[in-house]
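Lettering follows sequence order; numbering is per chain, from 1. This structure is a prediction, so every number in the text was calculated from the model and none was measured.
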Amino acid sequence: MLRRIEQIVREEMNRAGAIELFLPVMQPRDLWERTGRWESFDPPLMRMKDRNGREFCIGPTHEENITSLVAEDVTSYKQLPLTLYQIQTKVRDEMRPRGGLIRVKEFIMKDAYSFDIDRAGLDLSYDKMYDAYVTIFERIGLDVEIIRADAGSMGGFDTREFALLCENGEDTLYKCDKCDYSSNAECAACRAPEALEVEPAGKPELLDTPNARTIEQVTDMLDVTPDRLVKTLLFNTREGFFAALVRGDRELNEQKLAAYLQAGDIRMATEEEVEALTGAAVGFAGPVGLPDDVRIIADPEIAAMSDFITGANQTDAHIGGVNVGADFEVTEYADIRNAVDGDGCLECAEGHLRSYRAIELGHIFKLGTRYSEALDALVQDENGRQIPMVMGCYGIGVSRIISAVVEQCHDEKGIIWPRSVAPFEVVILLLDPDDEQLAAVAGELHDDLSARGVRVMLDDREERAGVKFNDAELIGYPLRAVIGKRSKESGEIELQVRRDGRDLRVSGAAAGDEIEEVLETL
RNA sequence: CGGGGCGUGGCGCAGUUUGGCUAGCGCGUCGGCUUUGGGAGCCGAAGGUCGCCGGUUCAAGUCCGGCCGCCCCGACCA
């Protein structure tokens, strides 16, 4: 079954012009230092030392490795475009593995990497992989969603995820109920309300909120709902401090924020920094009265709020009746919060976003020159100049597909393997294995089908009929052929399609042809 | 890393609160007879260092201390 999936992936990669290879599992620290990922990729990086104390990681992905390999062997634009791939076990020290085979520390992945002379070439290579992915999932029989996604620690742009909607998935995505917008939750864009909810009325007033540091504590103490609050999150970057404002019941999305700022490393201010900046203990920060050089980035939703409550920059106090403009100025507005179910769709301005659980099966990225520059993967162009190759990378979670197929293809009786990946397409249930005549019929059918290239299993165990029927359904053979006493009387073999329960009777002599025909429809 | 739960025949569990003498149950396994087209029935049998180490006690699966392993939830949100 795993091999079937691998084979489909391999065939489509080859068809798309990619070349298979096999990269080292152990990768030296030095290589990862050069791209800065020894540190930045840290949580999932599985590190180890050899007997001499030299440090390695066990490959969680192979951008570094492939880029340094290609850097050595490819020197001219004439050798491009080039797409290489491998199917290999990856190791990631996940914080918490979960979900059976869905999120584990060790998994099989197909990873491909493209190298081009320029952006236009990358776009072509990327489109080929995109099409190959569509074909792969079609052939397997999985109904995947193609969604926008964040590039995360891989870096890159124009990334797309291939995801299967599934209640047991580890991922959340949003789809618009009107247009075809769909996105991973980590970067789903949402439309802000346009008008003020209420005309501002109040003047700011200081509220006594001893020890109320969290939204929950403040709302309990003041007896208000969290959407009346604005929370102020302070960050530190190379360019200085800034404040991020979101409504009290929303979650800030750091990936969106980092993407908006085009800053790789933002981090929340430390306790000491918050105290120095606000003059108050942590938990009472607010936008009113912050130092002028602190940029204030607010979610657009804030613009639609009036007379809200924020931290007072005073320990044990908040301010109510606050309004943008009257009491402080927002430096800039940006979509920096997590989308929630029911948010307006930014794409079509009419629809609303709905959330779904999903399993991420594939992810494709345009990387640009991030890795080729860091690792000196240069080629000469037509004019003899040394330029970095333009890269893309493309992954499929091969072992995870097994879970995905079972999630999508099952009923209360068990698995229903799609024929494309089924370990066996047909099971022959020989109900009376002691009957020599029937056993001979079953044996001949088995040999006939095998000779035709059909993957067939013969169940001639000494079990009762009920056991065999139930096992066949649990295991999920796409097609079942029954040979028993009734066959003896009628000369017929009974076929049943697992997927829809369709029954067929065929004469023993024609069984091979008939089975092939039925399989063609599955 | 923080929180919760669990470790008892091959598998799934009960028993632990309130210590008590042969540690039970279901499934599976083995043998016999019957049954034989939708997970068989009856009879009989085998199989357990109760995660590990130490302590309390006349007596420990049960109480106390330490350790190990597995599972689940959460994780900088002011």
Pairs in or reaching into residues 285-296 of chain A: which pass salt bridge (charged side-chain N to carboxylate O under 4.0 Å, His left out), with residues at least two apart or in two chains?
R295(A)-E332(A)

Can you list every salt bridge (charged side-chain N to carboxylate O under 4.0 Å, His left out) pair that touches residues 505-516 of chain A, not counting sequence neighbours?
R452(A)-D513(A), R452(A)-E516(A), E492(A)-R505(A)

Euclidean distance for P, C11(B) against G48(B) (whole angstrom):
13 Å

Donor-acceptor contacts, no H, no angles, side chain residues 308-317 of chain A, under 3.5 Å, sequence neighbours left out:
residue: N313(A); atom: OD1; partner: G286(A); partner atom: N; Å: 2.8
residue: N313(A); atom: ND2; partner: G286(A); partner atom: O; Å: 3.0
residue: N313(A); atom: ND2; partner: V288(A); partner atom: O; Å: 2.9
residue: T315(A); atom: OG1; partner: A281(A); partner atom: N; Å: 3.0
residue: D316(A); atom: OD1; partner: N211(A); partner atom: N; Å: 2.9

Does the distance from a Lys or Arg side-chain N to an Asp or Glu carboxylate O, for D335(A) and K256(A), drop under 4.0 Å?
yes

Taking G4(B) as the reference, what is the distance to C53(B) when you measure between their P atoms (whole Å, please)?
27 Å

How is L234(A) classified with respect to the nucleic acid when contacts are heavy atoms under 4.0 Å: base, sugar-phosphate, or nothing?
base

Touch class at under 4.0 angstrom, heavy-atom based, for T310(A) against every strand present:
nothing

Checking all strands, does E494(A) fall into the base, sugar-phosphate, or nothing category for heavy-atom contacts under 4.0 angstrom?
base

More than 12 non-hydrogen atoms from neighbouring residues, nucleotides or ligands closer than 6.0 Å to CD on E106(A), yes or no?
no

Please determine which of I493(A), L429(A), D435(A), L431(A) meets the side-chain contact (heavy atoms from CB on, under 4.5 Å) test together with I483(A).
I493(A)

Determine the contact category for K485(A): base if any of its heavy atoms lies under 4.0 Å from a base atom, sugar-phosphate if only primed atoms, P, OP1 or OP2 are that close, otherwise nothing.
base

Say you pick atom C1' in G15(B) and the same atom in G61(B); how far apart are they, in whole Å?
8 Å

So R486(A), base contact, sugar-phosphate only, or nothing? Heavy-atom distance under 4.0 Å.
base

Of all nucleotides in RNA chain B with an atom under 4.0 Å from a non-hydrogen atom of chain A, which is the first and which the last going 5' to 3'?
U35(B) to A78(B)

Touch check for D471(A), heavy atoms < 4.0 angstrom, all strands: base, sugar-phosphate only, or nothing?
base

Contiguous Watson-Crick or G-U pair runs (3 or more, under 3.5 Å) in RNA chain B:
B:1-7 with B:68-74, B:10-13 with B:24-27, B:29-34 with B:40-45, B:51-55 with B:63-67

Quote, to the nearest angstrom, the P distance that separates G20(B) from C27(B).
28 Å

D411(A)/K413(A) ion pair, N-O < 4.0 Å
no

Check ring-ring contact (aromatic ring centres under 6.0 Å, His included) between Y477(A) and all other residues, then give those that pass, not counting sequence neighbours.
none

Using a cut-off of 4.0 Å on non-hydrogen atoms, how would the nucleic acid contact of V246(A) be classed: base, sugar-phosphate, or nothing?
nothing

State plainly whether the residues E347(A) and R148(A) are in salt-bridge range, i.e. N to O under 4.0 Å.
yes

Mind checking if R461(A) touches a base, just sugar-phosphate, or nothing, with heavy atoms under 4.0 Å?
nothing

Determine the contact category for E462(A): base if any of its heavy atoms lies under 4.0 Å from a base atom, sugar-phosphate if only primed atoms, P, OP1 or OP2 are that close, otherwise nothing.
nothing

Distance check, C1' atoms only: U18(B) and U62(B), in whole angstrom units.
10 Å

Any side-chain donor-acceptor pair under 3.5 Å between E145(A) and S182(A)?
no

Rounded to whole angstrom, note down the P distance from A59(B) over to G55(B).
12 Å

Looking only at atom C1', what distance separates G26(B) and G32(B), rounded to whole Å?
23 Å

Using the C1' atom as the point on both nucleotides, what is the distance between G69(B) and G51(B), in whole Å?
7 Å

